[in-house]
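Input: a single structure, listed below in structure tokens.
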2 protein chains.
Amino acid sequence: MHPTFQHHDHSHCAGDSLARAEALMAERGARLTPVRKRVLEILLEAHKALGAYDVLQRLAAEGYGNQPPVAYRALDFLVEQGLAHRIQRLNAFTACMHAGEAHAPAFLICDRCATVAEAPVAPIRAALEAAAAEMGFAVERVSLEATGLCPACREAA
Amino acid sequence: MHPTFQHHDHSHCAGDSLARAEALMAERGARLTPVRKRVLEILLEAHKALGAYDVLQRLAAEGYGNQPPVAYRALDFLVEQGLAHRIQRLNAFTACMHAGEAHAPAFLICDRCATVAEAPVAPIRAALEAAAAEMGFAVERVSLEATGLCPACREAA
DNA sequence: CTATGTATGTAATATTATAACAGGTCAAGA
DNA sequence: TCTTGACCTGTTATAATATTACATACATAG
Ligand SMILES: [Zn+2]
Ligand SMILES: [Zn+2]
Ligand SMILES: [Zn+2]
Ligand SMILES: [Zn+2]
């Protein structure tokens with residue numbers, strides 16, 4: 001079973017990801033400011049997709065600004081930097097589990113518990129690009145999102 | 001080059017699709033009422049993704065109701081019946097070019113002109129389902145959307 | 001220090017979507 | 001025929017998501 005779906009001490013992977021993120025940002029000269037860092041932490045702690053307003057609520061509770069742009073700007077930054085992904089289907093955001101690794105992820109979204117896992121699908125992307133090229137279309141960005149039931153919810157059902 | 005991206009007399013494919021839709025609905029005992037039919041026509045005429053409010057505006061101009069549910073209900077019906085698709089990335093809807101054919105489409109969305117084409121990707125879906133199964137995840141619905149440049153806009157650029 | 005670019009805070013507004021309820025149509029069955 | 005029930009349409013109101021515009025603060029380079 002994939003680690004995302006296993007019961008695990010999540011504080012570990014959150015800590016690791018955070019450290020990796022800080023290293024990456026330093027390397028690139030990008031600024032992981034307090035708000036941005038806190039938003040990343042919030043996403044990592046949640047381990048599932050959160051809406052911008054969910055994030056905003058938590059920020060506000062901690063003394064950061066409580067207007068939508070505060071959340072959207074931080075989230076947009078994280079997405080640009082590849083530290084988070086946007087899940088179109090949910091109008092929500094999730095921390096990237098492979099920051100800096102140059103990956104073309106597919107997202108597996110549980111309909112029940114909203115857990116989001118990233119599946120590796122490089123070959124799929126290649127196949128799509130080939131099909132598109134035949135049609136004369138130049139692919140730039142791909143989003144591949146699947147909904148269904150995660151192992152835990154499947155058992156429960 | 002794929003037909004969607006070619007210059008073509010679009011009234012033909014719109015007419016064909018509409019006829020096919022009526023046949024399908026009759027077969028299933030579903031009702032393609034005037035509003036629903038008109039919405040499908042609007043999508044077919046546009047040949048690109050339209051937002052619910054774009055559709056609504058046209059409906060209202062023709063004497064139908066001018067409140068959001070009028071558009072959303074018709075669009076939801078068309079999507080349920082497989083006569084249209086929702087494009088998550090654009091919060092928009094587009095007529096299906098293969099109604100009744102049981103297909104798992106990928107959408108190629110032009111960043112410039114918003115034209116949307118359906119690419120056939122049955123093998124891709126199979127590959128994704130296999131990858132997900134290995135992680136214990138049961139896929140139910142897949143949405144695969146790519147943005148980029150269509151042939152025409154590519155030439156222009 | 002001062003200018004410059006960048007980040008944050010806030011108000012206002014735009015865009016997308018749904019809930020809840022009132023009538024209207026139509027066909028099946030008493 | 002009349003009633004019932006399913007379903008479609010219309011409308012009001014509101015929720016949820018997202019952006020624009022502008023003011024302020026803060027860093028760093030010159
Ligand atoms: Zn990722
Ligand atoms: Zn689940
Ligand atoms: Zn289709
Ligand atoms: Zn184009």
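Naming: A, B, ... by sequence-line order, numbering from 1 per chain.
Comparing A52(A) and R73(A) by the nucleotide of DNA chain D that holds the closest heavy atom to each, the one mapping nearer the 5' end is A52(A). Of the two residues contacting DNA chain C, namely Q67(B) and N66(A), the nearest-nucleotide position lying further toward the 5' end is that of N66(A).
Relative to the side chain of Y72(B), the nucleotides dA7(C), dG9(C), dA17(C) differ in distance, and dA17(C) lies closest. Nearest to the side chain of N91(B), among dT10(C), dT8(C), dT16(C), sits dT16(C). The side chain of P69(B) has dT18(C) as its nearest neighbour among dA7(C), dG9(C), dT18(C).
To the nearest angstrom, P of dT15(C) lies 20 Å from CD of Q88(B). Computed from coordinates, the Q57(B) CD to dT15(C) C1' distance equals 13 Å when rounded to whole Å. What separates CG of D54(B) from C1' of dT15(C) is a distance of 11 Å, to the nearest Å. Whole-Å rounding puts the L32(A) CG to dA7(C) P distance at 12 Å. For the pair R86(B) CZ and dT18(C) C1', the computed distance is 11 Å after rounding to whole Å. In this structure, CG of L90(B) is placed 10 Å from P of dT16(C), rounded to the nearest angstrom.
Between E45(A) and R38(A) there is a salt bridge, with a side-chain nitrogen of the basic residue lying less than 4.0 Å from a carboxylate oxygen of the acidic one. Using a cutoff of 4.0 Å between basic side-chain nitrogens and carboxylate oxygens, E129(A) and R125(A) are scored as salt-bridged.
Between the side chains of R28(B) and Q81(B), at least one donor-acceptor pair of N or O atoms lies under 3.5 Å.
In this structure, the side chain of E118(B) does not engage the main chain of P105(B) through any donor-acceptor pair within 3.5 Å.
Residue E41(A) qualifies as enclosed at atom CD: its count of foreign heavy atoms under 6.0 Å is above 12. More than 12 heavy atoms of other residues, nucleotides or ligands lie within 6.0 Å of CD in Q88(B), so this atom counts as buried by the packing criterion.
OP1 or OP2 of dT15(C) has not a single side-chain nitrogen or oxygen of Y53(B) nearer than 4.0 Å.
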L24(A)/L83(A) under side-chain contact (heavy atoms from CB on, under 4.5 Å): CA gap, chis, key distance, verdict: CA-CA 9 Å; L24(A) 260 174; L83(A) 300 178; 4.2 Å; yes
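Reading DNA chain D from its 5' end, the first and the last nucleotide to sit under 4.0 Å from a heavy atom of chain B are dC8(D) to dT12(D).
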Encode nucleotides 24-29 of chain C as B, S and - characters from 5' to 3', where the letter depends on protein heavy atoms closer than 4.0 Å: B to the base, S only to sugar-phosphate, - to neither. ------
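Here E22(A) pairs with K37(A) under the salt bridge (Lys or Arg N to Asp or Glu O under 4.0 Å) rule; sequence neighbours left out.
The two residues G65(B) and L59(B) come nearest to each other via the heavy atoms O-CB, 4.4 Å.
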